[in-house]
Amino acid sequence: MFVDLLLGLQWGDEGKGKIVDAISKGYSIISRFQGGPNAGHTIKIGDKSHVLHTIPSGIFHKNLINIIGNGVVIDPIIFKEEVLKLSNRDIDISNKLLISKKAHLIIPTHCLLDQASEKSKGIKKIGSTLKGIGPTYMDKTGRNGIRVGDLFLEGWEVQYGKLKNKHLKMIANLNADISFDLDELELKFFESLNFIKKMSFIDSENFLFDSLKKGEKILAEGAQGSMLDIDFGTYPFVTSSNTTASGACNGLGISPKKINKVIGVFKAYTTRVGSGPFPSEISDKISEKISNVGKEFGATTGRPRRCGWLDLVSLKYAVDINGVTELAMMKSDVMSGIDKIKVCTSYEQYGKEISRMPFSLNSGNLKPIYTEFNGWQEDITKAKNESQLPENLKKYISFIEEKLEVPVKIISLGPGRDQTIFR
Ligand code: GDP
Ligand code: IMO
Ligand code: MG
């Protein structure tokens, strides 16, 4: 009787989707617990890549239930497109996808407000995906939101009208000069509502209690990454939900007592999309190589991801906050051919060396302090077991395990399902 968690430990795009898909067979239920269509989870099956935004990454397996939990926010327009894309590729979601009635709804003016808010911030913008995430969670915590279950009750349209008018006033107050055609957006929105209303809606917390009682194994899938957590991330350059382990309890209604493994996913280097501090960011030939070989472009917005060295200070912080019990290391194949690899092991701030995450990464002339490793030259994308990995990569992994005090149990060497070594 247990729930395992799978979370990103950096600034998102660690490869969560690939690992959820790779380990799904060990579970009967996969549940997304937070975030919305700001997420882009890529799963490569054969020669086809699929990008999921709202639907959990277990959807490609037969006989697996996928749940969109109460902590998720849903844009019906994006959701409809996502479902249609899957059905065009002959992936059947019927009887496999269940939605919590308590998940909140993203309405068109949430997205417009996101846009206006970002524009009004100028160079201080968050770098949001502009999917309406912040404004939707703001209405949720402000107790003004609309839950998808409300769509089946009378009177939700009144709340919709109130919200829309409130948002339009807020947009006008921001003086951000954004242009939009609300009639057109609403037409698409209401059409998509008719589509989403045909899906299966459940009281997902009750469904999960019953499933646990029956002895079923559940995997909770996180979106974004720990450094984008609203409380523990690099605030204000974060998303608007708890992306860390506690978010799974709130976002699904499961007790912390039921949690077994906490699987932390990280890249062998670091990336970040959007604004905000990134101490180990680099901008040279090596970051160019990582960006090109690793195809580091956002799965949701297509924006180039900023690249840098592995940062063990922030990674250790994420491991501790989440109580990570095992690690999945992604994309070391991308680093093949780099002569000298650096790892940030501490920071210098206000002239002093620190090894714990400080309150702000933006103050005190913060600089990364690196330990240097000899790289590996071999193409490792076809390695099938650990013995086929270069010695220098093994040393790199051992160093990470020693610093983080958690074992690396999965090594991913490419986007494909078969490019995964389980230890
Ligand atoms: P997520 O948001 O955490 O699910 O990650 P994304 O899907 O946004 O980004 C990860 C990208 O890296 C995707 O394009 C994956 O197909 C790809 N990927 C995942 N694991 C590996 C790996 O080990 N090596 C390489 N080269 N690509 C990988
Ligand atoms: P997955 O699940 C990477 C970033 C945005 C921005 C900040 C706030 O694919 O790992 P928001 O749209 O939430 O208001 O944006 O968070 N961000 C992500 N970065 N991967 C994601 O999701 C992200 N979701 C949001 O770029 O900096
Ligand atoms: Mg992503």
Side-chain angles (χ1 to χ4, degrees), residues 6-22 32-45 48-54 56-57 72-73 75 106 110-111 113-115 117-118 125-138 221-230 233-241 243 265-278 290 292-306 328-336 379-381 383 410-421:
L6 185 136
L7 310 157
L9 299 183
Q10 295 159 315
W11 278 278
D13 302 326
E14 295 88 350
K16 298 174 289 292
K18 160 167 173 168
I19 296 301
V20 170
D21 173 70
R32 250 292 285 280
F33 61 84
Q34 45 67 235
N38 47 349
H41 299 170
T42 317
I43 293 120
K44 188 163 181 234
I45 304 172
K48 282 213 170 89
S49 275
H50 308 268
V51 180
L52 299 172
H53 301 289
T54 321
S57 303
V72 176
V73 291
D75 182 326
I106 302 175
H110 280 134
C111 302
L113 185 53
D114 211 358
Q115 218 179 308
S117 162
E118 282 284 82
K125 71 176 181 184
I126 307 299
S128 163
T129 59
L130 305 179
K131 303 293 176 195
I133 306 297
T136 307
Y137 279 113
M138 212 160 79
E221 173 183 355
Q224 288 76 53
S226 301
M227 298 315 293
L228 291 171
D229 182 277
I230 183 74
T234 44
Y235 193 88
F237 301 100
V238 292
T239 189
S240 299
S241 61
T243 59
V265 186
F266 72 102
K267 277 177 189 164
Y269 46 92
T270 310
T271 62
R272 171 164 207 169
V273 211
S275 331
F278 179 180
I290 291 175
N292 291 334
V293 181
K295 301 194 175 73
E296 295 298 355
F297 295 89
T300 298
T301 57
R303 291 177 294 177
R305 296 172 181 151
R306 299 153 65 191
M329 181 167 115
M330 317 301 288
K331 298 190 112 168
S332 43
D333 55 296
V334 172
M335 299 180 87
S336 289
D379 172 4
I380 51 175
T381 53
I410 300 174
I411 305 168
S412 170
L413 301 169
R417 276 175 164 174
D418 57 349
Q419 294 172 297
T420 319
I421 294 176

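Counting convention: from 1, in listed order, for ligands and their atoms alike.
The part of H41 lying near ligand 2 is the side chain, judged by heavy-atom distances below 4.0 Å. Residue contacts with ligand 2, taken as heavy atom pairs separated by less than 4.0 Å, involve W11 solely via the backbone atoms N, CA, C and O. Residue contacts with ligand 2, taken as heavy atom pairs separated by less than 4.0 Å, involve D13 via backbone and side-chain atoms alike.
For ligand 1 and K18, the ligand atoms under 4.0 Å from any heavy atom of the residue are 20 (N). In the vicinity of G17, heavy-atom distances shorter than 4.0 Å reach the ligand 1 atoms 4 (O). Set against the non-hydrogen atoms of V334, the atoms of ligand 1 under 4.0 Å away are 26 (N).
Residue contacts with ligand 2: G12 is placed with no nitrogen or oxygen under 3.5 Å of a nitrogen or oxygen of the ligand (distance criterion only). Geometrically, ligand 2 and V273 share a nitrogen or oxygen pair separated by less than 3.5 Å. Residue Q224 has at least one nitrogen or oxygen atom sitting less than 3.5 Å from a nitrogen or oxygen atom of ligand 2, judged on distance alone. Residue T129 places at least one N or O, backbone or side chain, under 3.5 Å from an N or O of ligand 2. In terms of polar-atom proximity, defined here as any N/O pair under 3.5 Å, D114 makes no such contact with ligand 2. Polar contact check, N38 against ligand 2: a nitrogen or oxygen pair lies under 3.5 Å apart. Residue contacts with ligand 2: K16 is placed with a nitrogen or oxygen under 3.5 Å of a nitrogen or oxygen of the ligand (distance criterion only).
For the residue pair S57 / E221, a side-chain donor-acceptor distance below 3.5 Å is found, with atom types taken as modelled. For the residue pair S128 / D114, a side-chain donor-acceptor distance below 3.5 Å is found, with atom types taken as modelled. Side-chain contact check for Q34 and S241: at least one donor-acceptor pair (N or O, by modelled atom type) lies under 3.5 Å.
Considering A223, S412, A39, S336 only, the shortest heavy-atom separation from atom 23 (O) of ligand 1 involves S412.
Among all heavy-atom pairs drawn from K295 and R305, the shortest one is O-NH1, 4.1 Å. When all heavy atoms of L9 and M227 are compared, the closest pair comes out as O-CG, 4.1 Å.
Ranking the protein heavy atoms by distance from atom 24 (N) of ligand 1 puts D333 OD1, 2.8 Å first. In terms of protein heavy-atom proximity, atom 16 (O) of ligand 1 is nearest to P415 CB, 3.4 Å. Scanning the protein for heavy atoms near atom 11 (C) of ligand 1, the closest one is K331 NZ, 3.7 Å. Of all protein heavy atoms, the one closest to atom 6 (P) of ligand 1 is G40 O, 3.5 Å. Among all non-hydrogen protein atoms, the one lying nearest atom 15 (C) of ligand 1 is T42 CB, 4.1 Å.
Look at E14 and you'll find a heavy atom under 4.0 Å from some atom of ligand 1. H53 does not count as a contact of ligand 1, since none of its heavy atoms falls under 4.0 Å from the ligand. Ligand 1 lies within reach of G414, whose nearest heavy atom is under 4.0 Å from it. Residue-ligand proximity: G127 is placed with a non-hydrogen atom under 4.0 Å from ligand 2.
Partners of Y269 under the side-chain hydrogen bond (donor to acceptor under 3.5 Å, both in side chains) rule, at least two apart in sequence or in another chain, are E296. In terms of the side chain to side chain contact (heavy atoms under 4.5 Å, CB included) criterion, residue partners of P304 (sequence neighbours excluded) are, by chain and number, F297. For P37, the side chain to side chain contact (heavy atoms under 4.5 Å, CB included) partners two or more places apart in sequence, or in a different chain, are H53, T54, D75, I78, I106, K131, I133.
Of all protein N/O/S atoms, those lying under 2.8 Å from the Mg ion (ligand 3) come to 2.
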